[in-house]
Number of protein chains: 2
Amino acid sequence: MTQLENARQGVITDQMRQVRADEGVEAEALLERICGGLVVVLANKEHGHVNAVGIGEGLRTKVNANVGTSPGRSEPEGELEKVRTALSAGADTVMDLSTGGDIDLTRRTIMEHSTAPVGTVPIYQAAIEVGGPEHMTLASYLEVFERHAKDGVDFATVHAGVTLGAMPLVEKRLMGVVSRGGAFLLKWMADSRRESFLYEHFDEILAMAREYDVTMSLGDGLRPGCIEDATDEAQLHELRVLGELAERCREAGVQVMIEGPGHVPLDQIEENVRLAKECCGGAPFYVLGPLPTDIAPGYDHIVGAIGGALAGAYGADFLCYVTPKEHVGLPGPEDVRDGVIATRIAAHIADVAKGIAGARQLDAAMSRARAARDWDAMARCALDPDRFGVVLAGEEKDDRCSMCGEFCAIKLFQQTFGEGESQTR
Amino acid sequence: MTQLENARQGVITDQMRQVRADEGVEAEALLERICGGLVVVLANKEHGHVNAVGIGEGLRTKVNANVGTSPGRSEPEGELEKVRTALSAGADTVMDLSTGGDIDLTRRTIMEHSTAPVGTVPIYQAAIEVGGPEHMTLASYLEVFERHAKDGVDFATVHAGVTLGAMPLVEKRLMGVVSRGGAFLLKWMADSRRESFLYEHFDEILAMAREYDVTMSLGDGLRPGCIEDATDEAQLHELRVLGELAERCREAGVQVMIEGPGHVPLDQIEENVRLAKECCGGAPFYVLGPLPTDIAPGYDHIVGAIGGALAGAYGADFLCYVTPKEHVGLPGPEDVRDGVIATRIAAHIADVAKGIAGARQLDAAMSRARAARDWDAMARCALDPDRFGVVLAGEEKDDRCSMCGEFCAIKLFQQTFGEGESQTR
């Protein structure tokens with residue numbers, strides 16, 4: 001039985017217990033949200049040593065880091081290093097998006113070492129193994145999907161919302177399609193002149209997902225690739241199909257979340273989150289960024305943090321990181337680290353805004369340490385203590401900092417009013 | 001006559017002409033907004049070579065970089081280097097917040113070299129020169145203010161909203177007061193048991209500001225220093241006083257803007273912008289950050305960019321940068337650069353969201369370059385071309401990038417559908 005099926009029978013699994021302990025939520029509330037499809041618990045039955053992660057309403061906003069080879073850079077060890085970097089920087093999950101070298105070996109190397117849930121996008125390997133997306137068949141796809149599921153992959157992106165009906169809509173765009181999975185399916189449909197096999201045979205994929213409890217991550221193959229294309233007809237067409245498919249996942253006892261954009265101007269982010277939640281029955285929403293500008297290559301981790309904080313505050317549950325290398329090339333370990341930290345900042349800001357239990361207390365603890373000029377306590381409260389240490393190196397660590405020196409406002413305030421609240425709370 | 005007084009007489013000054021050309025707004029609309037106090041034009045009559053900058057409704061969101069010595073680091077050359085770094089990174093204005101070494105020399109060195117408007121906070125020097133804030137007098141303050149005005153300072157922070165009425169309110173706080181100016185005034189009031197001389201003698205300051213056309217930047221001496229203290233009674237008490245003082249500025253023909261927080265959780269940012277605009281008759285709103293979390297020292301430029309993008313989108317007009325060194329020490333040139341760029345990203349995202357003329361076109365140009373995999377055009381469209389070059393170094397610069405290699409979604413899309421919109425728009 002999947003976590004969803006267990007919840008429906010009122011069974012609290014070990015994985016749910018772990019989520020409960022991690023998040024400090026009541027068992028009753030957690031069960032109810034899993035039953036309603038508002039929360040998923042990532043934990044493939046075959047991923048023995050996985051630390052189950054809960055994603056969805058009322059839980060801490062989670063952060064995913066993408067790794068994976070490309071045709072030009074295909075060493076499994078390099079990707080494993082990135083996984084280790086991502087997890088040590090605090091990522092909650094990783095996705096292996098490999099498209100180069102020995103894809104099975106890379107995935108299995110990552111699965112073996114990752115205690116965090118691992119996601120994949122099986123269509124990449126399915127297209128590559130048959131020599132191009134136009135040669136894919138249902139059978140070859142299902143065979144790859146099962147390989148991933150058997151390896152213990154906890155969640156899999158399936159772009160089943162890219163259908164024939166969207167084809168005339170994407171032609172109007174400035175950037176066309178920027179999702180590899182989306183582009184593969186459009187190519188397959190254009191060549192075969194048939195409806196997408198992922199959509200047509202969705203039940204067969206679901207049966208396999210159910211067997212291993214792979215959480216379906218319904219991909220946004222038509223996500224906008226520039227803010228000009230945001231919230232357009234192609235995107236909304238796909239979202240409506242995803243809503244229908246999400247319902248079919250829940251009917252089949254399969255856990256499901258929804259992937260979202262992409263490049264979205266700031267003033268459309270709230271609407272994008274609201275639409276996704278409405279169309280898809282409140283399923284956990286997993287956003288890539290979003291990126292509210294296109295013009296800052298080299299800083300897309302900052303752009304993504306701006307969009308992600310806002311999306312999270314409005315209800316997105318899961319943020320896929322963006323690294324400084326986005327739009328330029330494959331990230332290295334330093335880029336992975338920068339991307340994870342920026343996205344964790346966004347997730348925490350969102351958690352404070354939406355009132356996730358325990359979030360504000362972290363800020364209050366830091367502020368008490370700051371009021372006391374207690375540099376060791378600040379280090380313990382810092383989201384990234386290592387970076388705090390680097391920035392602090394060479395600075396005075398006494399009863400003031402080098403910004404104000406003797407003219408420290410906090411000290412002067414305390415001399416004027418006494419130590420007050422900051423010492424007693 | 002000040003820019004405001006000129007506008008009231010229907011006179012379009014050279015400085016207004018420059019703003020018009022920079023922003024692409026109609027003369028009529030600009031005059032009307034200046035008359036209404038919705039837009040200020042920073043240009044002290046004595047700052048001969050200044051490029052006037054307009055700030056306010058309908059204009060591009062501007063970015064300020066703070067520099068300045070502290071008691072421990074007091075070389076004017078070091079601060080000049082930071083000014084040059086800030087301006088080359090695209091800051092619209094700089095503020096000299098010096099509190100160490102020869103404060104006059106540092107300011108004059110910066111004024112001499114900066115073609116951008118320069119702001120200061122005269123109360124720092126006023127307190128330091130008399131041996132501490134408790135020894136300040138109206139006369140000594142006015143003397144310092146005039147020295148700054150005569151040197152050509154284009155805008156000056158005046159914390160005249162910190163009044164006796166706020167004293168019982170700040171005691172309730174977790175972090176107390178984190179503004180140096182605010183702490184100086186509280187100390188002065190506590191020792192003298194008298195109302196703030198800035199508030200009591202505001203008209204005398206205004207007379208001097210009018211003479212040189214120094215724009216008053218009404219300081220937020222009681223801004224929250226942690227998200228726990230945000231939007232509290234102390235902050236709102238000061239804001240109401242600032243509203244009254246802003247009206248008095250306009251009556252005196254003096255340009256005015258309002259400074260705002262500070263540490264503010266994401267879900268309170270919209271309210272903070274709305275309250276400031278409502279209380280202060282729509283005066284341009286100048287925010288420090290805001291910072292929607294306290295726990296990310298070392299990354300406060302990212303935290304500030306998240307808050308600044310949102311504040312700007314809701315109507316803030318002027319963003320003061322925050323550097324990675326915030327809460328740790330005095331920034332160096334690299335920190336200045338990182339702070340300016342992150343804040344420019346936030347400002348542009350806000351401009352896209354609030355529909356500033358020309359903003360979206362920059363994104364569309366980048367996206368056309370991206371669709372064509374035209375790396376030179378991308379470099380021209382990048383907010384920071386230097387950084388783009390660094391990130392791109394060592395990458396293939398052909399018809400794809402190393403992220404997807406031969407599996408480039410954009411290429412595949414164009415092979416499927418033809419080049420389409422991306423080539424023709």
Side-chain angles (χ1 to χ4, degrees), chain A residues 70-72 99 171 174-180 183 186-187 190 226-228 265-267 292-298 302 305-306 309 313 328-330 342 345 348-349 352-353 362-364 366-367 371 382-383 387-388 391-392 395 401-403 405-407 409 412-413 416-417 420-422, chain B residues 70-72 99 171 174-180 183 186-187 190 226-228 265-267 292-298 302 305-306 309 313 328-330 342 345 348-349 352-353 362-364 366-367 371 382-383 387-388 391-392 395 401-403 405-407 409 412-413 416-417 420-422:
Chain A
S70 70
T99 56
E171 292 192 72
L174 173 54
M175 276 295 284
V177 168
V178 297
S179 150
R180 275 189 298 214
L186 289 171
K187 172 70 174 159
C226 63
I227 60 172
E228 182 88 6
L266 194 92
D267 55 312
T293 181
D294 309 332
I295 68 165
I302 297 180
I306 293 172
V328 181
L330 205 65
I345 292 170
H348 176 71
I349 286 172
V352 167
L362 300 176
D363 294 84
M366 170 61 88
S367 298
L383 182 133
R387 172 75 183 160
F388 181 68
V391 177
L392 195 57
E395 296 290 334
C401 87
S402 65
M403 184 172 252
E406 63 195 85
F407 305 113
L412 185 59
F413 174 80
T416 307
F417 287 91
E421 284 297 293
S422 59
Chain B
S70 69
T99 57
E171 291 192 73
L174 173 54
M175 277 292 285
V177 168
V178 297
S179 150
R180 274 189 299 212
L186 289 171
K187 172 71 174 157
C226 64
I227 61 171
E228 183 87 6
L266 194 93
D267 55 313
T293 181
D294 310 330
I295 68 166
I302 297 180
I306 292 172
V328 181
L330 204 66
I345 291 170
H348 176 71
I349 286 172
V352 167
L362 300 175
D363 294 85
M366 170 61 89
S367 298
L383 183 132
R387 173 74 184 163
F388 181 68
V391 177
L392 196 58
E395 296 289 333
C401 86
S402 65
M403 183 173 252
E406 64 194 272
F407 305 114
L412 186 59
F413 174 80
T416 307
F417 287 90
E421 284 297 292
S422 58

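Nothing here was measured: the structure is a model prediction, and the numbers come from that model. Just so it is clear: chains get the letters A, B, ... in the order the sequence lines come, proteins before strands, and each one is counted from 1.
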Looking at every non-hydrogen atom in both residues, tell me the closest pair between [X] and [Y] and how far apart they are.
X: A/R180; Y: B/M403; value: NH1-O, 3.6 Å
X: B/A409; Y: A/A183; value: O-CB, 3.7 Å
X: B/L174; Y: A/A371; value: O-CB, 4.3 Å

Contact leader toward chain A among B/P265, B/P292, B/A342, where contacts are heavy-atom pairs under 4.5 Å: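 Option with the top pair count is B/P292.
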Choice from B/L412, B/T416, B/I345 maximising heavy atom contacts with chain A below 4.5 Å: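 Ranked by heavy-atom pairs under 4.5 Å with chain A, first place is B/L412.
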Residues forming a side chain to side chain contact (heavy atoms under 4.5 Å, CB included) with A/V391, sequence neighbours excluded: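 If we apply the side chain to side chain contact (heavy atoms under 4.5 Å, CB included) test to A/V391, skipping adjacent residues, the hits are A/R387, B/K325, B/V328.
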Under the side chain to side chain contact (heavy atoms under 4.5 Å, CB included) test, residues paired with A/S70 that sit two or more places apart: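 Listed in chain order: A/R73, A/T99, A/L330.
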Output the option from [options] having the highest count of non-hydrogen pairs under 4.5 Å with chain B.
options: A/A190, A/P297, A/A296; value: A/P297
options: A/L186, A/V352, A/L362; value: A/L186
options: A/I302, A/L266, A/I295; value: A/I295
options: A/G298, A/A309, A/G329, A/A313; value: A/G329
options: A/V178, A/L392, A/L383, A/I306; value: A/I306

Side-chain (A/D363) to main-chain (B/D294) donor-acceptor, under 3.5 angstrom: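 Judged by distance alone, yes, a pair lies under 3.5 Å.
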Residue part contacting chain A, namely of B/P71, when any heavy atom lies under 4.5 Å: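 Contact with chain A involves the side chain of B/P71 alone.
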Side chain, backbone, both or neither of B/M366 within contact of chain A (heavy atoms, under 4.5 Å):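 For B/M366, side-chain heavy atoms alone lie under 4.5 Å from chain A.
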Heavy-atom side-chain contact between B/V177 and A/F417 under 4.5 Å: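 Result no, sub-4.5 Å side-chain heavy-atom pair not found.
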